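Below is one structure; the comments refer to it alone.
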Amino acid sequence: MARRYDCTDTTDRRTGLREAAAAVRRGELVVLPTDTVYGIGADAFGPEAVADLLEAKGRGRGMPSPVLVGSPNTLHGLVTDFSEAAWELVDAFWPGALTLVARHQPSLTWDLGETRGTVAVRMPLHPVAIELLTEVGPMAVSSANRTGHPAPQDCDAAQEMLGDSVAVYLDGGPTPDTVPSSIVDVTGREPVLLRAGAISADELRKVVPDLKEAS
């Protein structure tokens, strides 16, 4: 039976975060608010948990899960060949609605799906999400919807779609934005905008003037 906690209440939030962290460590799924939409998350280093996440969404391995982190410093253990331009984007827009596609460390023992050696990583601008990520470490997090349905902006919509496939729901109220994160590929010499989202190409070019746009 799924448990749900009201994170606008101080006591319930404390309990909810404790229960969510315990669930993640057990390999279970949690729903959490972010600064864009609600996400469904699992331990990034738990292959079975990530597989359960993809199954809960009705999503195949060909669409691997992004990873959320609680601090930019976490990147040092996750990615390799991270360019100066990539760090400049992190400094300018994290925490926030910018996802970076980078090459992950080849030594990492995780299975996020068919990643082809890359990982899409972001630090969300939401206190509940950051607190959970700081406690448990990197999480595989995707939008908390069944594939083909709209990404949820509140906990009710997420729970209606995902039900008891999720152990803990953290209800932080409606999310502040409906626009998804912008996605920039930083695996090559020049950063490439893969998806225009909450941060416009013009804003990104103020930091990385050589930004290209995917054709």
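Not measured: the values here are computed from a predicted model.
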Could you pull out all donor-acceptor pairs under 3.5 Å where a side-chain atom in residues 64-79 meets a protein atom, sequence neighbours excluded?
unit_1	atom_1	unit_2	atom_2	d
S65	OG	V141	N	3.2
S71	OG	N73	N	3.1
T74	OG1	S71	O	3.1

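Ion pairing between R205 and D210 fails under the 4.0 Å rule for side-chain N and carboxylate O. The pair R14-D9 does not meet the salt-bridge criterion, since no charged nitrogen lies less than 4.0 angstrom from a carboxylate oxygen. At a threshold of 4.0 Å, the pair R25-E135 counts as salt-bridged, since one of the basic side-chain nitrogens sits closer than that to a carboxylate oxygen. Ion pairing of R13 with D171 is absent here, as no side-chain N (NZ or NE/NH1/NH2) approaches a carboxylate O to less than 4.0 Å.
No donor-acceptor pair closer than 3.5 Å links the side chain of Y38 to the backbone N or O of A157. A donor-acceptor contact shorter than 3.5 Å links the side chain of T175 to the backbone of T36. For the pair W94 (side chain) and L98 (backbone), a donor-acceptor distance under 3.5 Å is present. Listed for the E203 side chain is a donor-acceptor partner under 3.5 Å among the backbone atoms of S200.
Once rounded to the nearest 0.5 Å, the distance linking CZ of F93 with OG1 of T99 reads 13.0 Å. Note: E131 CD to L170 CG = 10.0 Å, rounded to the nearest 0.5 Å.
For the residue pair N145/S143, the side-chain donor-acceptor check at 3.5 Å is satisfied. In this structure, a donor-acceptor pair under 3.5 Å is present between the side chains of S181 and R195.
Applying salt bridge (charged side-chain N to carboxylate O under 4.0 Å, His left out) to R4 and the options D164, D154, D156, D12 leaves one that passes, D156.
For E55, the CD atom counts as loosely surrounded, since its 6.0 Å shell holds 12 or fewer non-hydrogen atoms of other residues, nucleotides or ligands.
Here the closest heavy-atom approach between residue A97 and residue D35 is recorded as N-OD2, 3.7 Å.
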